[in-house]
Amino acid sequence: MQIRGFNQFGWYRGLIIIRPMYILHRTFFIGGNDMKMSKMLIPTLREVPAEAEINSHKLMLRAGLMRRIASGVYAYLPLGFRTFKKVEKIIREEMDREDAQELVMSALIPAESYKETGRWDIFGPEMFRLKDRGDRDFCLGPTHEEIFTQTVKNGVKSYKNLPMTLYQIQTKYRDERRPRFGVMRCREFVMKDAYSFDMDEAGLEESYQAMYRAYSKIFDRCQLDYTVVEADSGAMGGSGSQEFMVKSDIGEAQIAYCDNCGYAANDEKAECLEPISSDDVKLLPIKEVKTLNVKTIEQLCEFFSCSAKTFAKTLIYKADDIVVAAIIRGDRELNETKLQNHLNCNELIMANDEDIFNATNAKVGFAGPIGLSIKVIVDLEVKGMVNFITGANKTDYHLINVNINRDTKNLEFVDIRTIGVGDQCPKCQNDISIARGIEVGHIFKLGDKYTKALDCTYLDQNGKSQTMLMGCYGIGVGRTMASIIEQNNDEYGIVWPMSVAPYQVIIIPINISNEVQATLANQLYTSLQENGVEVLFDDRKERPGVKFNDAELIGIPIRITVGKKAGEGIVEYKVRRTGDMDEIAVEKVITRVKDDISTL
RNA sequence: CGGGAUGUAGCGCAGGUGGUAGCGCACAUGGUUUGGGACCAUGGGGCCGCAGGUUCGAGUCCUGUCAUCCCGACCA
């Protein structure tokens, strides 16, 4: 199927016009010429706006990098936009190095594109939807698998053109239920998304590894401390995916990692091993116990005066309208991703009171594995539990001394719990550690999920039609920028790595009204600019303290102060990150700056 | 979507029991200052989120609504 206005020549013509404008703007013009602070929009704040909670968000507002437009929608101000463009530039360079081709798709997308793969419905309320004047459905693109696949389908016919990786750096729209933490999780955000198209598995693997290399270099160049973790690929299908996680306490994802063997995985994905059961405990006969109004695990612990580990809790879920039961040890957390993958369903929600009553014949709080007629999935760990307590499927009753192998049959045993502290590494059995991370990048082997649905094929050497295999790869640009701040700040403000600093140097004349200082500072400013250094000139009629504080807040790596010794041709040179400070002759500034730019 | 909180000047906040809206910072002008967020004087800036209601009178009381943030649920 062809999208209107999107035929083979249409999109190609579009590229010719749009791409040069876009690239010129974003790649080469990091900024204008006059970098005098007295005329620039850098609205720093002394106090933290009430809207911000985490460090990076507070600092981005205080340093005048951005402002909120609506919940989850932000504007980047001049200083913030410079860093933003630098991150984009790094991404662009590393993508290009791996022979990915840049293009730009539209953000406004007709519904048909998503209807064919079913995602028009699957996305649900997370997709921003709108209609044109002819009442046709459109959306603001949340992600572009369909569009890229269609474009490649129409533009690539032969094995001779493969493999091919395309990417764009473009604004995405997702109507998040709860935007959070400034640009970390927002509703309008810029994403670098790339899509690879290959002939076979081996090719996909190669394209995937190329992106792995590119991503590692990108985050290295941003000086981020990150880990690559195994990620869940269930809902998207495909054969594997990894996330690039920036270690941070404010991260929304939990990572399970092993210091011994290097295993690291998102906790949605991390496997839990089946514990070795000991057989020397005597199995006792089942007994029914009246537990009037004792429903929760806490209440049960108190009632039976024992720990949560002696219970098996039964959770009732609705998987695409089918009611199922999931059983895990009382103190464990159910991993909904694992359960959803096992059930292979689109939607998994906790059942309501009515469904629970119909399924268990009892009020909420008294469900158990024995006598249930619905599908029951039991966590591997429960297999080894001896004489445990569980609901009796009868209001106000529990059963004690239940043993799953003895007392039930035909249940499915699956790993459905979330890994936690005290668990073992699935690879080497050492103790696993848990940390939090911010997902800044995700690489994904999609396989034929989209190419098959959209019939994206090529002709092989034998003239036979084959389905292409696809990978997709995303980086959140704003999120990366915020993560850099999250990992690089101190009590005074941001400490930008040189590679992404909005300016490399800031010149501060102590007293701009002093002619000697003003002249020297101006000369220095001009000669640094002539030498290709990105320099900010604080020519404001402010007291020194104000300028120093602002310079530190906005995090410029090198500060040059022109003060008392201006007459002798001596200035003060300070490195933001280390705090190292010394006085040097003006003539030596250029060399020193160039040196520091290449090493810091 | 459930729970909690907050909306008063650009930012941070104060405004018992109703009586013409204030403070600090920021901003403008003049002056004195100039190596770590100066001081003095003068000045500008407000539909107290919005809409109803009660009242002679509402920032304050009542109802509704919108927005923002936090916790949770959810999630390419």
Side-chain angles (χ1 to χ4, degrees), chain A residues 41 43-54 57-58 61-62 64 67-73 114 117 119 122-127 141-146 172-182 185-187 189 191 193 195 231-238 241 243 250 252-253 266 268 317 333-334 336-337 340 346-350 352 439 441-444 446 449-450 472-476 479 491-493 508-514 517-518 538 540-553 559-566 571-572 574 579 581 583:
Chain A
L41 178 63
T44 57
L45 298 172
R46 194 179 295 201
E47 287 177 280
V48 185
E51 69 187 70
E53 194 70 17
I54 63 163
H57 189 190
K58 288 179 187 171
L61 292 170
R62 283 195 56 213
R67 287 292 183 264
R68 194 189 74 230
I69 302 296
S71 177
V73 181
Y114 289 97
T117 54
R119 292 214 292 182
I122 290 172
F123 268 113
E126 201 169 304
M127 189 145 85
T143 175
H144 283 67
E145 280 79 8
E146 283 84 352
K172 298 281 184 279
Y173 296 87
R174 292 183 196 173
D175 196 356
E176 292 281 348
R177 267 185 204 183
R178 181 143 110 80
R180 240 199 286 217
F181 299 150
R185 170 165 297 266
C186 46
R187 300 194 292 172
F189 61 100
M191 186 184 198
D193 48 326
Y195 305 85
D232 173 65
S233 52
M236 295 279 284
S241 88
E243 290 164 334
I250 62 111
E252 293 183 83
N266 189 311
E268 287 180 342
Y317 274 87
E333 233 175 273
L334 183 88
E336 292 189 353
T337 305
Q340 188 167 4
N346 283 325
E347 191 185 50
L348 182 72
I349 49 169
M350 291 207 77
N352 59 29
E439 180 191 339
H442 198 162
I443 55 176
F444 223 115
L446 290 172
K449 180 170 169 136
Y450 294 92
C472 73
Y473 317 90
I475 292 178
R479 190 183 278 190
E491 55 181 308
Y492 304 107
I508 299 182
I510 290 294
N511 182 357
I512 193 77
S513 312
N514 177 308
Q517 291 183 19
D538 194 348
R540 295 176 300 170
K541 286 194 171 79
E542 289 287 350
R543 292 174 60 85
V546 174
K547 297 188 189 181
F548 289 150
N549 280 308
D550 272 348
E552 271 147 21
L553 177 60
R559 185 183 91 190
I560 296 170
T561 309
V562 181
K564 283 189 202 112
K565 297 189 181 168
V571 297
E572 177 191 283
K574 186 175 182 183
M581 186 158 76
E583 295 187 331

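Just so it is clear: chains get the letters A, B, ... in the order the sequence lines come, proteins before strands, and each one is counted from 1. What you see is a predicted model; the values in this text were computed from it and never measured. Hydrogens, waters and symmetry mates play no part in the numbers below; they use all other heavy atoms, side chains included.
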What contact category does A/Lys565 fall into here, base, sugar-phosphate, or nothing, at under 4.0 angstrom with non-hydrogen atoms?
nothing
With a non-hydrogen cut-off below 4.0 angstrom, is A/Glu552 in contact with a base, only sugar-phosphate, or nothing?
base
Classify the nucleic acid contact of A/Lys172 as base, sugar-phosphate or nothing, counting any heavy atom under 4.0 Å across all strands shown.
nothing
Taking any heavy-atom pair under 4.0 Å as a contact, classify A/Arg187: base, sugar-phosphate, or nothing.
nothing
Does the side chain of A/Asp175 pick up a donor-acceptor pair with the side chain of A/Tyr173 at under 3.5 Å?
no
Decide yes or no, distance alone: a donor-acceptor N/O pair under 3.5 angstrom between the base of B/rG4 and the side-chain of A/Arg178.
no
side-chain hydrogen bond (donor to acceptor under 3.5 Å, both in side chains) filter on A/Glu146, not counting sequence neighbours, yields A/Thr117, A/Arg119
Closest of B/rA76, B/rG36, B/rU68 to the A/Phe123 side chain is B/rA76
At under 4.0 Å between heavy atoms, what does A/Asp550 touch on the DNA or RNA strands: base, sugar-phosphate, or nothing?
base
Sorted by chain and residue number, the side-chain hydrogen bond (donor to acceptor under 3.5 Å, both in side chains) partners of A/Glu47 (sequence neighbours excluded) come out as none
Contacts of A/Arg68 that satisfy side-chain contact (heavy atoms from CB on, under 4.5 Å) - sequence neighbours left out:
A/Glu51, A/Tyr74
Whether A/Arg68 contacts B/rA67 is assessed here as follows: a side-chain N or O lying under 4.0 Å from the phosphate OP1 or OP2. Is that the case?
no
Do the side-chain N or O atoms of A/Arg543 get closer than 4.0 angstrom to the phosphate oxygens (OP1, OP2) of B/rA38?
yes
Runs of at least three consecutive pairs that involve RNA chain B, where pairs are Watson-Crick or G-U with distances under 3.5 Å:
B:1-7 with B:66-72, B:10-13 with B:22-25, B:27-32 with B:38-43, B:49-53 with B:61-65
Under 3.5 Å, is there any donor-acceptor pair linking the side chain of A/Glu439 to the base of B/rA76?
yes
Which part of the nucleic acid does A/Arg185 contact within heavy-atom distance under 4.0 Å: base, sugar-phosphate only, or nothing?
base
Ignoring the backbone of A/Phe181, work out which of B/rG35, B/rC75, B/rC70 is nearest its side chain.
B/rC70
With the sugar-phosphate defined as primed atoms, P, OP1 and OP2, and the base as all remaining atoms, what B/S/- string results for nucleotides 6-15 of chain B, 5' to 3', for protein heavy atoms under 4.0 Å?
-----BSS--
Protein within reach of the bases, or only the backbone? For nucleotides 39-46 of chain B, mark each nucleotide 5' to 3' as B, S or -, using heavy atoms under 4.0 Å.
--------
Between A/Thr561 and B/rG35, is there a contact of a side-chain N or O with OP1 or OP2 at under 4.0 Å?
no
